[in-house]
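Residue numbers start from 1 in every chain, and the chains themselves are labelled A, B, ... in the order their sequence lines are given, proteins ahead of strands.
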Amino acid sequence: MTALEYANIIIDISHEKVDRLFQYRIPDRLKDKVEVGCPVEVPFGKGNTMRKGYVLELTDEPNWDPDKIKEIAAVPEDKLGAEDISIRLAAWMKRYYGSTMIAALKTVLPATKKQNIQKHKFVSLRMDLRQAREYYYECASKKNQKARERILAELLLAPDDRIPYELITQKLHVTAATLKSLAEKGVIRIDEEEYYRKPIAGDSDRYGAKELSPEQQGIVDSFISDYDAGKRDTYLIHGITGSGKTEVYIALIDEIIKRGKQAIVLIPEIALTYQTLMRFYRHFGDRVSVMNSSLSPGEKYDQMERARTGDIDIIIGPRSALFTPFPNTGIIIIDEEHESSYKSESMPKYHARETAIELAKLVPGGASVVLGSATPSLESYYRATTGQYHLFELKRRLTGGTLPQVEIADLREELRTGNRSIFSRRLQELMEDRLNKGEQAMLFINRRGLAGFVSCRSCGYVFKCPHCDVSLSEHRGGRLVCHYCGYEQPLTKICPKCSSKYVSSFRAGTQQIEDEVKKMWPNARTLRMDADTTRTKGSYDRILSAFASKEADVLVGTQMIVKGHDFPDVTLVGILAADMSLHASDYRASERTFQLLTQAAGRAGRGEKPGNVVIQTYEPEHYSVQTASRQDYEAFYEEEIAYRDLLRYPPISHMMSVQILSYDEDLGMQFATRLRAIMEQNKRDGAIFIGPASAAIGKINDVYRMAVYVKMDDYDGLIAYKDMLEKYIHQLEDMGKLKKISVQFDFDPVNGF
DNA sequence: AGCACGCCGACT
DNA sequence: GTCGGCGTGCTC
């Protein structure tokens with residue numbers, strides 16, 4: 001029951017007049033039905049025509065003359081349509097991730113109609129040319145029919161006798177009213193045409209489903225018997241690389257489509273490769289469509305329209321594909337669910353996994369969510385073990401390809417025995433061997449956590465915060481700083497553990513490595529792949545295909561080279577600095593490292609020839625390194641979840657990061673301290689406050705960044721804190737006191753701030 | 001998007 | 001004077 005008097009409503013989303021809110025009174029009879037996100041019927045405009053709107057805010061304060069505020073007429077009872085669901089989802093995202101409703105709406109309704117001239121409405125002549133010419137002269141002779149004259153002139157000249165509607169209203173300055181009267185007079189005709197662009201020409205030589213292994217078939221059968229029994233659930237498929245998760249997805253989608261439903265498949269942007277897509281195209285033909293960032297807004301809109309009208313049943317795309325307006329979504333699949341690209345970095349900072357689960361609840365009849373990964377996120381595996389998700393395992397590799405032999409090279413030992421190069425002796429040996437045999441190698445530098453941790457190159461000791469157990473970062477003036485709580489200590493030149501003087505911050509780049517390779521093996525042909533070399537469109541695919549066609553012997557790159565793509569001739573993978581991501585200054589460092597190492601190791605020996613992997617590290621005994629080298633997920637999980645439990649990090653607990661951006665460092669710090677104080681004055685059970693502290697990247701474009709963290713078992717408690725802070729911030733803004741500071745919230749952060 | 005209002009030329 | 005086309009601005 002809403003006790004509040006007024007609802008702020010947005011009218012007719014589809015026509016991009018999202019800029020204004022209209023306030024309506026909520027009549028008593030509707031008070032228990034009206035809520036944020038729900039569709040309503042309201043009288044609008046001079047003629048009080050009934051229009052559909054959506055409730056975005058509820059309030060007790062009229063924002064103008066209460067006598068002029070009209071009443072909401074009705075709340076439609078019928079099943080929610082695709083757009084209603086999107087708005088509801090936006091309302092949930094606003095609440096759950098703490099963004100504005102407008103930002104949430106823009107995320108959920110990404111494609112706008114106003115894109116290309118190639119639209120569906122066309123205007124054409126309804127009379128023959130002679131008649132039209134006569135009518136044109138008639139208009140031209142009169143002073144008050146200039147608009148008609150312009151249209152006629154344009155239509156007479158049009159090459160195919162028709163003009164896009166938008167061209168007329170925008171370029172010719174003719175209003176819709178004029179067109180309508182001309183249409184009624186029988187001079188012109190307004191046609192709608194369905195015209196959709198297809199981003200990839202689908203060769204639809206469908207071939208039937210592949211024979212599934214008993215393991216795979218078991219998953220499909222179990223899922224379908226749940227589904228047919230009306231059970232909608234979240235499933236986690238933990239399947240080692242090469243165990244055939246994609247075939248399972250395809251079989252599941254087949255079954256879902258047979259039941260008249262549609263499927264959304266999310267994959268990380270980076271894995272949107274031609275091969276992956278072709279597997280879906282071959283099976284589903286033109287019933288499948290792809291969304292990716294290289295599509296123009298117009299093309300994206302077309303994909304959405306095709307989904308809405310039932311032209312397609314399956315959409316594949318990155319996290320934004322989640323908002324495809326299918327009439328009856330039956331399954332949402334998230335492949336490589338551990339990928340950090342599923343967490344949005346702009347407002348609202350939503351996670352595709354959680355949002356998919358929420359969407360699945362809103363969809364008519366409910367949908368099931370299927371998560372898949374070789375290295376599941378701690379979140380998902382934790383929920384699978386606690387019974388919130390259903391766990392499936394794929395333990396057998398389908399296609400041959402033996403598991404590579406993984407070796408760990410101890411860089412401390414290398415230094416001790418006089419090897420100061422960036423390649424361990426074992427890696428040099430193997431490189432030599434592969435280059436001689438004409439086989440390929442990949443060198444992977446882990447550049448995550450570039451903020452630069454400080455370590456001892458002799459014993460591997462890493463300076464850590466005694467309170468937060470994350471690495472300290474080196475700051476100017478010889479200070480070591482914790483990015484969570486702000487703890488600080490002076491940088492010492494001598495290692496506190498082994499007293500050596502090899503203490504330094506760790507930095508390395510792909511460029512240096514490529515240079516080093518060329519120096520050591522002048523005949524080796526190298527390719528480099530990192531943020532610099534993949535800046536232009538298509539360069540990513542170009543580099544990968546060049547390497548696949550053996551135009552180079554060595555591929556040097558950052559984490560982007562470890563995803564997807566099979567190179568059968570790669571028989572050596574070198575991981576140059578496994579530690580890098582281990583000591584990023586946030587609590588997910590070990591998890592990320594394990595995932596990267598496991599995936600990188602999985603690149604070797606995908607073909608017939610056996611492969612080798614060398615993991616170079618200063619910390620060979622670390623559990624991330626050890627368990628990754630054995631490809632032992634469960635062992636890693638046990639260690640990691642114990643650490644999260646001890647320090648109350650997600651997924652055991654929840655964490656909200658309150659991020660403050662300020663042009664003035666002192667002002668920002670003061671404000672952050674004030675925010676923490678406000679929360680502490682209203683302390684809730686089990687809340688733990690940390691900070692404020694400077695962010696991992698303390699300053700970007702002259703804007704200082706700092707954060708306060710709150711850890712709490714109860715997610716709703718965090719939301720309550722967020723609401724409390726938002727209210728306070730709005731008050732200050734209304735008084736004009738918060739010009740130089742902005743605040744954002746990030747729940748259960750995935751990427752460091 | 002749709003509607004009313006107000007301006008201005010055309011027709012009675 | 002009145003009718004009607006057409007551009008503009010507003011819609012709680």
Query raised in the report: So, does Y97(A) use its side chain to make a donor-acceptor pair with the main chain of H351(A) at under 3.5 Å?
Result: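 Judged by distance alone, yes, a pair lies under 3.5 Å.
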Query raised in the report: Got a donor-acceptor contact below 3.5 angstrom from the T59(A) side chain to the E61(A) backbone?
Result: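 Answer holds: yes.
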Query raised in the report: Will you find, in the side chains of Q744(A) and K349(A), an N or O donor that is under 3.5 Å from an N or O acceptor?
Result: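 Q744(A) vs K349(A): donor-acceptor pair found between side chains.
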Query raised in the report: Going by atom types only, do Y6(A) and R25(A) share a side-chain donor-acceptor pair under 3.5 Å?
Result: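 The answer is yes; a qualifying pair exists.
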Separation of [N] [atom2] from [X] [atom1] (nearest whole Å):
X	N	atom1	atom2	answer
R51(A)	dC10(C)	CZ	P	17 Å
I190(A)	dA1(B)	CD1	C1'	13 Å
N144(A)	dG5(C)	CG	C1'	6 Å
L179(A)	dG2(B)	CG	P	13 Å
N63(A)	dT11(C)	CG	P	12 Å
I168(A)	dG7(C)	CD1	P	13 Å
F22(A)	dA1(B)	CZ	C1'	12 Å
K46(A)	dT8(C)	NZ	C1'	11 Å

Which part of the nucleic acid, if any, lies within contact of [X], taking any heavy atom under 4.0 Å across all strands shown: a base, the sugar-phosphate backbone alone, or nothing?
X	answer
F44(A)	base
K180(A)	nothing
R148(A)	sugar-phosphate
T175(A)	base

Report task. For G45(A) and for K142(A), locate the closest nucleotide of DNA chain B by heavy-atom distance; then report the residue assigned to the nucleotide nearer the 5' terminus. Result ->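 Of the two residues, G45(A) wins.
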Query raised in the report: If you check every side-chain atom of Q145(A), which of dA1(B), dG5(C), dG7(C) has the closest atom?
Result: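 Closest of the options to the side chain of Q145(A): dG5(C).
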Query - T49(A), nearest nucleotide to its side chain (from dT11(C), dC3(B), dC11(B)) - result: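 Shortest atom-to-atom distance from the side chain points to dC3(B).
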Requested in this report: Tell me which of K70(A) and K185(A) sits closer to the 5' end of DNA chain C, going by the nucleotide each one is nearest to.
Outcome: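 It is K185(A), whose closest nucleotide lies nearer the 5' terminus.
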Query raised in the report: Would the Y96(A) and Y350(A) ring centres measure less than 6.0 Å apart?
Result: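 Not under 6.0 Å, so no.
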Query raised in the report: Looking only at side-chain N and O atoms, does R150(A) come under 4.0 Å of OP1 or OP2 in dG5(C)?
Result: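 Indeed not, no polar side-chain atom of R150(A) lies that close.
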